[in-house]
Chemist: 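Please see the structure below; I have some questions.
Every chain is numbered from 1 and lettered A, B, ... according to where its sequence line falls, protein lines coming before strand lines.
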Number of protein chains: 2
Amino acid sequence: MKIDPSNPADLSAQIAKAIRDAIVAGDLIVDERLPSEAELADQFEVSRPTVREALKRLAAQSLIRTQRGAFGGAFINRLSYPDAYGQQITTATLLLSMNDVRFDTACEARYALERACAPLSAQRRSADHLATMRAEIFRQQQPGLTDEAFCASDVAFHRALVDGAGNPVLSYQLAGAVEGMQPLMNMITFTARSREEIVGLHTAIADAIEAQDGEAARDGLTRLERYTIHLARSVMEERAKRGA
Amino acid sequence: MKIDPSNPADLSAQIAKAIRDAIVAGDLIVDERLPSEAELADQFEVSRPTVREALKRLAAQSLIRTQRGAFGGAFINRLSYPDAYGQQITTATLLLSMNDVRFDTACEARYALERACAPLSAQRRSADHLATMRAEIFRQQQPGLTDEAFCASDVAFHRALVDGAGNPVLSYQLAGAVEGMQPLMNMITFTARSREEIVGLHTAIADAIEAQDGEAARDGLTRLERYTIHLARSVMEERAKRGA
DNA sequence: CAATTTTCATTTGTCAGACATTTAAAAGTC
DNA sequence: GACTTTTAAATGTCTGACAAATGAAAATTG
């Protein structure tokens, strides 16, 4: 674990990289304690603030956790699924919002990925996930619901569908695709007619999952994708017309 | 953008969160300049090192970039696809290596996601991506290849397949699934016979993509998944026998 | 002797002030 | 007017210090 002292700028980035590489390579194992900040400062021949900045970089990625007090210090953190979900969602949200990704592109990616889950979800459907899907469909039929709440319920429905596949790695990957799109979905205003349509498609998907018919579930998702894109287009056109 | 000074620990984390939330909410837009470290220190009523630690946390997530000199400072960074790829791969790799995920689980997720790309890739296949796939297949047939090089070529083949879908959001999502599995794949020793088998399946997939037959490409991936899991099982059993 | 309390060393979290380095705008020069 | 020099502002780093937390060891007490 060495750094290049020839470049006296970016020292904290170099130190962070050295430690991160050691973690990724498996040289530092979970729950192992790093040397204290003072010791690291000696090893890398830098000051303690520089070491601290490096450690904060690693903490931001949930690679380490710190504990104060005697026998405290920085410990290699086991990257948990919730932590990974969170990072995934933040990154996906920012990627979509900062790169003016077309709605169609994001939508295509999301539904392609969800279709990947459908057969597994149909095969392994649990009563729990099915109940969640039905409950969210019920919620979506309530008249007083705001557009935001409708979108949030939509996300919950799709999360249940994805989690139903019973594969945590898949759930982790999909978290970004589904939740990262929420801000884009929130831009759509849902009429009573369109909500009815979406609830119908959701019901078809839930029915297919319940019947363990993966192919039908995929079809339902495809129809939902097509309708979502259609809906977004009309909203955009409407907005363009008003703007002009 | 406020912090809770009642808890005098975690100040840098609180500041980082405040700024991050402002970015995600869109209050701070791309390429906008943050106040200088000294000004931030005044605003939040903390010292400059504390502000710096907060900024380093954000830099670790590629949310800001810093520039020295007059009229330099911290700028809101546009999260680029390469940056997002990198974070995605690091996170996925660590998630798999630190949570003793079963090979089958990771494999299932990866191939399910790749199957999601197959129809799009078949539909939009470009000469470029097809050429890359063929080139990697050719490389995989070279006799002197190490197992690591074979795995790397395998990843390159699948990346070309995924990128062929022409959807950057999809490519971003798949980066973690495909590259994050490489360490697990590297644990497999490939015999001449198994390489031959894999090259055959890769060729079938490439042929399907070239023929724009999405269904056949999906089938090829399913067979490849089945064979990969079969291969991993035999390697594990072999290893267990030797260990005992 | 056992249980409890106190002390204490260690480590992180924060602060203040300072200097070095970089950088682009502003001032000066030909 | 084009080029060079100066200068101010900002980040990057260092030193030294103190506060707060924390677990272990020592002291105290029943």
Side-chain angles (χ1 to χ4, degrees), chain A residues 1-20 23 28 30-77, chain B residues 1-20 23 28 30-77:
Chain A
M1 228 159 51
K2 292 228 175 98
I3 59 171
D4 174 22
S6 72
N7 188 6
D10 276 342
L11 286 179
S12 75
Q14 288 179 47
I15 294 170
K17 184 177 187 315
I19 298 176
R20 178 163 40 240
I23 295 174
L28 298 170
V30 165
D31 291 336
E32 188 173 326
R33 181 180 171 282
L34 287 176
S36 74
E37 294 174 356
E39 286 175 289
L40 286 173
D42 279 350
Q43 278 185 32
F44 288 112
E45 297 182 334
V46 297
S47 69
R48 193 158 86 91
T50 302
V51 167
R52 280 183 63 78
E53 288 179 8
L55 293 181
K56 294 312 165 197
R57 294 178 117 108
L58 299 174
Q61 297 178 302
S62 307
L63 291 179
I64 61 169
R65 62 177 185 279
T66 55
Q67 200 175 353
R68 290 219 277 193
F71 294 78
F75 297 85
I76 309 297
N77 205 20
Chain B
M1 226 159 51
K2 293 235 174 90
I3 59 172
D4 173 22
S6 73
N7 187 6
D10 275 343
L11 286 179
S12 75
Q14 287 179 48
I15 294 170
K17 183 176 187 314
I19 299 176
R20 177 162 41 239
I23 295 175
L28 299 170
V30 165
D31 292 335
E32 189 173 327
R33 181 178 171 282
L34 287 177
S36 73
E37 294 175 356
E39 286 175 290
L40 286 172
D42 280 349
Q43 277 186 32
F44 288 112
E45 298 182 332
V46 297
S47 67
R48 195 158 84 91
T50 302
V51 167
R52 282 184 61 78
E53 288 178 9
L55 294 181
K56 294 311 167 195
R57 295 178 117 109
L58 300 174
Q61 297 178 303
S62 306
L63 291 180
I64 60 169
R65 62 178 185 278
T66 55
Q67 201 177 350
R68 291 218 277 191
F71 294 76
F75 297 84
I76 310 297
N77 203 21

Chemist: What's the closest nucleotide to the B:R68 side chain, out of C:dG13, C:dT21, C:dT14?
Modeler: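 That would be C:dT21.
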Chemist: Provide the full list of salt bridge (charged side-chain N to carboxylate O under 4.0 Å, His left out) pairs with a residue in residues 34-44 of chain A, sequence neighbours left out, each pair given once.
Modeler: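 Applying salt bridge (charged side-chain N to carboxylate O under 4.0 Å, His left out) to every pair that reaches into residues 34-44 of chain A, excluding sequence neighbours, yields A:E37-A:R48, A:E37-A:R52.
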Chemist: Between B:E39 and B:R52, which is nearer to the 5' end of DNA chain D once each is assigned its nearest nucleotide?
Modeler: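 Between the two, 5'-proximity favours B:E39.
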Chemist: What integer distance in Å separates B:E53:CD from D:dT11:P?
Modeler: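 One finds 16 Å between P of D:dT11 and CD of B:E53, rounded.
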Chemist: Just how far, in rounded Å, is P of C:dA16 from CG of B:D42?
Modeler: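 In whole Å, C:dA16 P and B:D42 CG are 10 Å from each other.
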Chemist: Want to settle it: does A:A70 or A:T50 sit nearer the 5' end of DNA chain D, counting the closest nucleotide to each?
Modeler: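 On the 5' side of the pair lies A:T50.
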Chemist: Between B:R57 and B:A13, what is the shortest heavy-atom contact and its length?
Modeler: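 Distance-wise, the nearest heavy atoms are NH1-N, 3.7 Å.
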Chemist: Tell me: CG of B:L58 to C1' of D:dT11, nearest whole Å?
Modeler: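 It works out to 16 Å between those atoms.
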Chemist: Kindly give the heavy-atom pair with the smallest separation between B:I15 and B:A54, and that separation in Å.
Modeler: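 For B:I15 and B:A54, the tightest heavy-atom pair comes out as CG2-CB, 3.7 Å.
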Chemist: So which one's nearest nucleotide on DNA chain C is more toward 5', B:F71 or A:F71?
Modeler: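 Upstream on the strand: A:F71.
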Chemist: Round to a whole Å and report the spacing from CZ of B:R57 to C1' of C:dT14.
Modeler: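 These atoms are roughly 13 Å apart.
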Chemist: Where the side chain of A:L11 is defined as all heavy atoms beyond and including C-beta, which of D:dT13, C:dC15, C:dA24 is the nearest nucleotide?
Modeler: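 In terms of side-chain proximity for A:L11, the closest of D:dT13, C:dC15, C:dA24 is D:dT13.
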Chemist: B:L40 has an atom CG; how far is it from atom P of D:dA10, in whole Å?
Modeler: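 Going from B:L40 (CG) to D:dA10 (P), I get 11 Å.
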Chemist: Write down the distance between CD (B:E37) and P (C:dG17), rounded to a whole number of angstrom.
Modeler: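 My rounded result for the distance is 17 Å.
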Chemist: Are B:L34 and B:L55 close enough that some pair of their side-chain heavy atoms sits under 4.5 Å apart?
Modeler: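 Side chain of B:L34 against side chain of B:L55, heavy atoms only: contact under 4.5 Å found.
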Chemist: Between P on C:dT10 and CD on A:Q67, what's the gap in Å once rounded to a whole number?
Modeler: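 Spelled out: CD on A:Q67 to P on C:dT10 is 18 Å.
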Chemist: When you measure only distances, ignoring hydrogens and angles, does the side chain of B:R48 come within 3.5 Å of the base of C:dG17 through a donor and an acceptor?
Modeler: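 Looking at the base of C:dG17, it does not pair with any donor or acceptor on the side chain of B:R48 (distance under 3.5 Å).
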Chemist: Any donor-acceptor pair under 3.5 Å linking the side chain of B:R65 with the backbone of B:I76?
Modeler: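 The answer is yes, because a donor-acceptor pair under 3.5 Å joins these two groups.
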Chemist: For B:R33 and C:dA24, give me the distance from atom CZ to atom P, rounded to whole Å.
Modeler: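 Result: 13 Å.
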Chemist: Which nucleotide wins on minimum distance to the side chain of A:S47, given the candidates D:dC14, D:dT22, C:dT12?
Modeler: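 Nearest to the side-chain atoms of A:S47, counting from C-beta on, is D:dC14.
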Chemist: Any side-chain N or O of A:T66 under 4.0 Å from OP1/OP2 of C:dG13?
Modeler: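 For A:T66, the contact criterion (side-chain N or O under 4.0 Å from OP1 or OP2 of C:dG13) is met.
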Chemist: Report the nucleotide, chosen from D:dT11, C:dT12, D:dA9, that has the shortest atom-to-atom distance to any side-chain atom of B:S36.
Modeler: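 The closest nucleotide is D:dT11.
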Chemist: Identify whether any heavy atom of B:R65 sits under 4.0 Å from a base atom; if not, whether one sits that close to sugar-phosphate; answer base, sugar-phosphate or nothing.
Modeler: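 No contact.
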